[in-house]
Every structure is written in structure tokens, then in C-alpha cells.
Amino acid sequence: MARSGTYVLRPQKQREPRFRIEYDQLLNGSQLEAVTTTEGPVLVIAGAGSGKTRTLVFRVARLVEMGIDPRSILLLTFTRKASSEMLRRASSLLDGRCDDVAGGTFHSFANIVLRRHAKVLGIDSGFTILDRGDNEDVINLVRARLGFDKKEKRFPRKQTIASIFSMAVNKSRTLGELLETSYSHLIDHADDLQALLTSYEAYKAERQLLDYDDLLLVLHRLLETQESVRDQLSRQYRYIMVDEYQDTNPLQAAIVRLLACQHENVMAVGDDAQSIYAFRGASFRNIMDFPDLFPGTQIVTLEENYRSTQPILDVTNHIIAQARERYSKSLYTVKKDGESPLLIAAESENFQSRFVCQRILELREEGVPLPEMAVLFRSSFHAFDLELELTRHDIPFVKRGGFKFIETAHVKDALAHLRVVANPRDAVSWHRVLLILEGVGPRRAQSLTAELTASQDPAELLDAQSGRSYSTALRALAGLVRNVRQADRHPEEQLNQVLQYYDPHLKRIHRDDYPKRAKDLEHMVSIAARYKSLETLLADMALEPPSDSVGDVVAIDEPEGLLTLSTIHSAKGLEWHSVFILWAVDGRFPSVQSMHDDEELEEERRLLYVAATRAKQNLYICYPINMYDRAAGMVLSKPSRFLDDVPPEILTPMDLVEE
DNA sequence: GTTTACGCATCCCCG
DNA sequence: ATGCGTAAAC
């Protein structure tokens with residue numbers, strides 16, 4: 001075909017720059033290296049406050065700008081809040097293009113994958129997730145069934161058993177090995193524990209129940225045994241990033257290894273000095289071993305700290321310098337000036353609390369807003385006295401970590417009713433629901449539960465129980481189940497139905513503090529309102545329960561914001577202008593339980609390191625001189641051994657004296 | 001045989 | 001404040 005031969009000249013379109021974000025302007029050299037190394041295994045050793053989150057955010061944005069499908073990027077983090085926050089930031093850099101990036105915790109990722117693929121392993125997609133309390137309940141149930149509750153020799157408590165079972169999974173050890181190495185005092189019970197474990201596994205399998213560990217375990221089994229699923233997932237998630245790698249365990253590492261089988265594009269980010277979850281089976285060795293798992297790993301170290309002043313870093317560097325084994329790195333900052341951190345000796349716990357209140361009020365006067373301040377502690381109960389004192393001074397606060405309101409009896413009761421509707425074979429929840437009724441105890445609950453989980457229509461079966469003192473109550477329950485079951489109901493409405501039914505029971509069981517508990521349940525309704533389906537609500541309640549502690553569900557519309565109280569574990573990754581650390585006393589921090597074991601002591605040291613590195617400007621480490629001991633009465637305390645080697649020029653000792 | 005009420009030790013950190 | 005064992009009540 002002949003062309004006409006005439007040409008038109010048109011101004012050249014402005015060529016788009018390859019990248020909209022000016023990475024080299026916004027990141028330092030190491031961060032840039034981490035962000036631009038997009039192919040192959042990368043390990044980022046990120047010191048505290050070194051811009052780890054920023055690096056991950058920009059790397060997500062970079063991959064998307066390179067034209068990679070957001071759905072093929074997987075960001076695994078420690079909490080789902082962390083991943084959604086990072087993805088939100090990445091999205092705002094790139095006007096929403098990062099919204100489709102897959103993100104979450106290992107557990108939430110496992111949940112999603114298993115709902116879709118676990119059928120091939122004989123697990124129904126409607127499986128129920130057992131939280132820690134549930135799994136202890138099941139262990140108790142099975143223990144009673146095997147007759148171990150009536151042994152002459154004292155059998156370990158259910159929490160102990162649960163944590164041993166869990167540890168075995170997370171450390172990829174057999175029960176026998178674990179008992180030998182870590183629980184030698186229980187070796188006499190080895191056979192019974194093994195039998196209990198076997199029954200526990202069988203019990204869950206029959207009823208489509210998965211505990212937290214099963215989520216990881218089954219995901220691992222799926223990836224290992226189902227080649228086609230593994231290849232499909234690995235091809236789908238071509239770029240994998242794992243945050244807080246120092247707090248992952250060998251099982252999680254194995255999952256990452258399998259997921260990356262097609263491409264090895266894995267970036268692990270973490271800080272061995274901040275590994276604080278060994279009690280959950282995590283090991284900082286994981287991060288040390290990453291290069292062995294992925295040969296050819298590029299290691300990038302982030303050492304410039306953007307958070308804290310030099311005087312604070314001097315203290316934290318001293319605390320961690322004593323640690324026995326670590327990737328060596330030393331943090332530095334450009335913020336050379338700042339006040340020296342203080343070590344405050346208070347006469348008693350209450351003096352400690354009053355000092356904190358007073359200093360907080362002074363700082364507020366100086367213009368530091370309450371949300372920029374935090375009080376951190378080893379254990380939730382360490383803050384009880386302070387909470388009273390804060391209330392007395394009208395200082396509003398939220399408390400993070402510790403006992404969660406989701407773990408209270410009444411909230412679990414309400415949820416159990418929803419769970420039996422979602423999974424009629426959920427024996428744990430049936431049991432719980434039945435026990436609420438008058439005239440039904442463990443025995444009858446158990447036999448009814450057995451019938452219910454085997455029945456085609458539980459509601460019908462409940463109706464059929466006549467002639468008992470409690471048969472009217474069972475009929476009421478049947479009515480509730482029928483109502484809630486209607487498929488087109490909204491979770492909020494379903495929960496309201498449950499509460500209407502449960503309310504008289506709540507009044508009867510908790511006569512004294514009924515109003516407080518009723519308020520918690522109202523809070524539950526507002527949470528349920530955020531969900532479209534019952535299944536996602538229940539999965540979320542198990543996978544990421546609201547982190548508010550009991551009593552903090554009251555409205556939080558304080559205009560000037562809230563002071564944060566937090567366990568150190570829950571403070572991971574966060575930062576504040578001014579940070580107070582309570583109870584830096586031998587016996588509390590490190591805790592007595594850890595003092596017999598070197599590894600546990602090392603973890604306590606890292607925990608103090610994590611706490612101290614949260615501070616940007618002011619750091620106050622407090623301890624009471626006199627403390628109450630149940631056995632010995634009032635005793636003189638000794639400051640935490642981790643502070644022994646920090647020179648007084650660096651951490652200034654102060655006595656708290658009354659004017 | 002079962003449930004319930006009562007008194008007693010115990011209490012870390014968490015998805 | 002919960003979680004256990006034991007004794008009284010249904």
C-alpha cells in the first residue's frame with residue numbers, strides 16, 4: 001500500500017521521567033541501596049530508628065513504579081496494622097497505586113491462603129481459628145477426657161501445656177526433644193503429654209479447628225506437599241518482603257523459603273538487637289541464618305539513626321554493648337544536642353507514679369502534647385498504681401498490651417454464639433454457649449456438644465430436648481441460632497440478636513459489674529458494624545483482636561489526645577518525644593522468671609534496649625527503692641543489672657526528694 | 001450424678 | 001481479677 005508521502009510535524013511529548021519519586025533525594029545511601037536492589041535475596045539489618053519503615057514503604061513504591069503488578073507484591077509484617085499503615089504511606093506516594101499490594105501477618109496470610117486452598121488437605125474452608133484461650137480450653141477438655149486431671153502426681157497447668165505444644169511447633173522440634181532440652185523437670189510426664197498432644201490434634205482435626213500454630217503448620221504443609229499450589233503462589237507473589245525478621249521463627253522462615261521457590265526475590269528486614277519474642281518460639285538466629293537459607297544474599301546495614309539524640313543513643317549503645325552475640329553495628333545521629341537521660345530513684349512505687357505524673361504535666365506545660373509521651377513497662381500490672389495516679393491528676397491515657405477486652409468472659413461468650421453459627425462443628429464454642437445456661441454444667445454441655453457437632457441441624461436438635469429443667473433455655477438458644485443463621489444478615493445485626501438473648505444471662509452471672517460489661521459489648525457492636533461478613537469479623541477477632549485493654553473502651557474524644565501506656569512488646573516500632581520506663585529493678589526487669597537462664601536474660605536486655613530506643617528527646621528510667629515482696633514484705637530494691645555498666649555521666653542518677 | 005457456691009493461690013510479654 | 005479444688009445443694 002502506497003503512502004501519500006506527506007508528513008506532519010508535531011511537538012514531541014514531554015518524556016515522562018522513569019520514576020516520579022526522587023528516591024536518591026529522599027533516602028540515604030544505604031536506604032537507597034535497599035530500595036533499588038529489587039532482584040534476589042536481600043537482608044537489611046536496620047538499627048533502631050534508622051528508617052526501616054521508610055525503606056520498606058519506598059521499596060513498595062519503587063516496585064510499583066517499575067511496572068510490577070501490585071498484587072504480586074507481598075508484605076509480611078508483625079501486625080496487620082503495621083502493614084496497612086505502610087501500604088497507606090506507599091499509596092500516598094503514588095496516588096493509590098499501591099492499594100492492591102498484599103499485606104498482613106504470617107497468620108493472616110495463612111488464613112487467606114488456607115480458606116482458598118486447604119480443601120486439598122481435607123480442611124474445610126469454613127474452619128474456625130482458636131485463640132489462645134480457646135486452645136487452653138480444648139487442652140483442658142482433652143485432659144479431663146484422658147483422665148489426667150485426677151492423677152496423683154500434679155500435672156502441669158493448661159497454660160504450661162499449651163506453651164510447650166506451641167513451642168514445639170514454632171521451633172520445629174518434636175515434643176520429646178523439647179521436653180528433654182527445655183522442660184527436663186516435666187520429663188516424667190512425657191508419655192502423658194505425648195498422648196495429650198495426639199488427642200488434642202485429633203480433636204481439632206475432627207472439628208475443623210485450627211489454632212495459631214496450625215495456621216502456620218498447615219500452610220507449610222500445603223506448600224511443601226502440594227507442588228502445584230506452591231508454584232502457583234510463588235508465581236503470584238514475585239516480590240516478598242518480611243518486616244521484623246528478628247521476631248520470626250524457623251517455621252516462618254521455612255514458609256518464606258517455599259514461597260520464594262520460583263524467584264528468590266525476598267527482602268528480610270530486621271534488627272537482631274531488638275529480638276524480643278523468643279518466648280513465642282522466635283529466634284534472633286533466624287536473621288543470622290538468612291544468608292544460609294538464601295545463598296548470594298546481599299546484606300545492607302542501616303546505621304544512621306533519625307530518631308534519638310546522641311545522649312540517648314549513648315545510653316542505648318551501652319545497654320546493648322554488653323550483649324553476647326549480634327551483628328555488630330553502631331548507631332550514630334546528627335542530633336548531637338540533647339538532655340542527658342535520667343535514672344530516677346523514687347522512694348516507693350507511688351512516688352515513682354507521682355514523679356511520672358508531675359513530669360508529664362510539666363512537659364505538657366512546655367508544649368509537648370500528651371500523644372508525644374509514653375510510659376513503658378515490662379508487664380501490664382506494673383502500671384496499675386500509675387493508672388490510679390493518672391486518673392487522680394485527670395491525665396487521659398490509653399493502655400496498650402496486657403489483658404485485652406476481647407479476652408474477658410462476656411466478650412468471649414458473645415462471640416461464641418456467632419461462632420457456632422459460622423461453624424456448627426465448633427465444639428469449643430458450643431461448649432461455652434451451653435455452659436452459660438442455668439442447669440447445664442460441664443458434663444451436660446459436653447454430651448450435648450457431641451450431639452450438636454454431629455447433627456445436621458443443631459437448632460432442631462436443641463428443640464428436641466424436652467423434659468429437662470433447662471429445655472426451655474435450649475429452645476431459646478435454638479431460636480437464636482435460627483435467627484442469626486439467616487444468610488443475608490449483617491454482622492452488626494447478628495451480634496445485636498445475640499446480645500438481646502445474652503443480656504439476661506449477663507445480668508444473672510455478673511450481678512455486680514453488669515454495667516461495665518454491657519458497655520464492652522456495646523463496643524463490640526461498633527466493631528462489628530465495620531464488617532460485611534461474619535466470617536471476616538470472626539477471623540479478625542482471632543487474628544488481630546482490638547488492642548485496647550479492659551476499661552479503655554470508653555469514648556476517646558479527648559481534644560488534646562491521650563498519653564500512651566504500653567508494654568514494651570506492644571511499643572515495638574513506635575516512638576515518642578518523651579519516654580518513661582517504669583520498674584527498672586532486678587526481679588521485675590529482668591523479671592525473676594528469666595534470671596535463671598542466660599538466653600532469657602539476654603532477651604530481657606534487648607527488651608530494655610527496645611524500650612530506651614523509643615525515645616526521641618527525653619528518656620527517664622525510673623525505679624522505686626523500696627518494693628513489696630510477697631514473701632519478704634518491704635525490701636530494698638536493686639536497680640536493673642543492665643544499667644550497672646552505664647556510666648553516671650551518660651545516665652544521670654537522680655534522687656527524688658520532696659520539697 | 002451434676003451443678004453451683006465458696007475459699008484459696010496466682011498473676012509477664014502475644015498473633 | 002481469674003483459675004483451681006473441695007464441699008454443699010439440686
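Letters go in sequence order (proteins before strands), and every chain restarts at 1. Not measured: the values here are computed from a predicted model.
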Assign [X] to base, sugar-phosphate, or nothing according to its heavy-atom contacts below 4.0 angstrom with the strands shown.
{"X": "A/Ser570", "result": "sugar-phosphate"}
{"X": "A/Phe106", "result": "nothing"}
{"X": "A/Arg378", "result": "base"}

Looking at the side chain of [X], which of [options] is the nearest nucleotide?
{"X": "A/Gln593", "options": "C/dT2, B/dC12, C/dC4", "answer": "B/dC12"}
{"X": "A/Phe381", "options": "C/dG3, B/dC14, B/dC12", "answer": "B/dC12"}
{"X": "A/Ser379", "options": "B/dT2, B/dC12, C/dT2", "answer": "B/dC12"}
{"X": "A/His569", "options": "B/dG15, B/dC13, C/dC4", "answer": "B/dC13"}
{"X": "A/Thr567", "options": "B/dC13, B/dG15, C/dG3", "answer": "B/dC13"}
{"X": "A/Thr79", "options": "B/dC14, B/dG15, C/dC4", "answer": "B/dG15"}
{"X": "A/Arg280", "options": "B/dG15, B/dC13, C/dC4", "answer": "B/dG15"}

Interatomic distance where [atom1] belongs to [X] and [atom2] belongs to [N] [whole Å]:
{"X": "A/Arg400", "N": "B/dC13", "atom1": "CZ", "atom2": "P", "value": "14 Å"}
{"X": "A/Glu603", "N": "B/dC12", "atom1": "CD", "atom2": "C1'", "value": "12 Å"}
{"X": "A/Leu114", "N": "B/dG15", "atom1": "CG", "atom2": "C1'", "value": "15 Å"}
{"X": "A/Glu599", "N": "B/dC13", "atom1": "CD", "atom2": "P", "value": "22 Å"}
{"X": "A/Leu608", "N": "B/dC13", "atom1": "CG", "atom2": "P", "value": "17 Å"}
{"X": "A/Asp211", "N": "B/dC14", "atom1": "CG", "atom2": "P", "value": "18 Å"}
{"X": "A/Arg132", "N": "B/dC12", "atom1": "CZ", "atom2": "C1'", "value": "10 Å"}
{"X": "A/Lys412", "N": "C/dT2", "atom1": "NZ", "atom2": "C1'", "value": "11 Å"}

Residue list, salt bridge (Lys or Arg N to Asp or Glu O under 4.0 Å) with [X], at least two apart or on another chain:
{"X": "A/Asp134", "answer": "A/Arg419"}
{"X": "A/Lys171", "answer": "none"}
{"X": "A/Glu407", "answer": "none"}
{"X": "A/Arg257", "answer": "A/Glu264"}

Exercise. List in chain and number order the residues that pass ring-ring contact (aromatic ring centres under 6.0 Å, His included) with A/Tyr237, two or more places apart in sequence or in another chain; answer none if no residue qualifies.
Key: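 Expected list: A/Phe109.
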Self-check item: Partner set under ring-ring contact (aromatic ring centres under 6.0 Å, His included) for A/Tyr277, not counting sequence neighbours
Solution: A/Phe78, A/Phe279, A/His569
Extract from the structure each pairing of a protein N or O with an N or O of nucleotides 4-9 of chain B at less than 3.5 Å, listing the distance.
residue: B/dT4; atom: OP1; partner: A/Gly439; partner atom: N; Å: 2.8

Self-check item: Summary of salt bridge (charged side-chain N to carboxylate O under 4.0 Å, His left out) pairs that have at least one residue in residues 243-254 of chain A, sequence neighbours excluded
Solution: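 Every pair satisfying salt bridge (charged side-chain N to carboxylate O under 4.0 Å, His left out) with a residue in residues 243-254 of chain A: A/Lys52-A/Asp243, A/Lys52-A/Glu244, A/Glu244-A/Lys572, A/Asp247-A/Lys572.
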Between [Y] and [X], does any NZ, NE, NH1 or NH2 come within less than 4.0 Å of an OD or OE carboxylate oxygen?
{"X": "A/Glu389", "Y": "A/Arg392", "value": "yes"}
{"X": "A/Asp426", "Y": "A/Arg207", "value": "no"}
{"X": "A/Lys516", "Y": "A/Asp520", "value": "no"}

Quiz item: Does OP1 or OP2 of B/dC14 have a side-chain N or O of A/Lys572 closer than 4.0 Å?
Solution: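 A/Lys572 to B/dC14 OP1/OP2: no side-chain N or O under 4.0 Å.
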Quiz item: Starting at the 5' end of DNA chain B and moving along, which residue's nearest nucleotide shows up first, A/Arg444 or A/Phe279?
Solution: A/Arg444
Name the pairs: protein N/O against N/O of nucleotides 7-10 of chain C, kept only if under 3.5 Å.
none

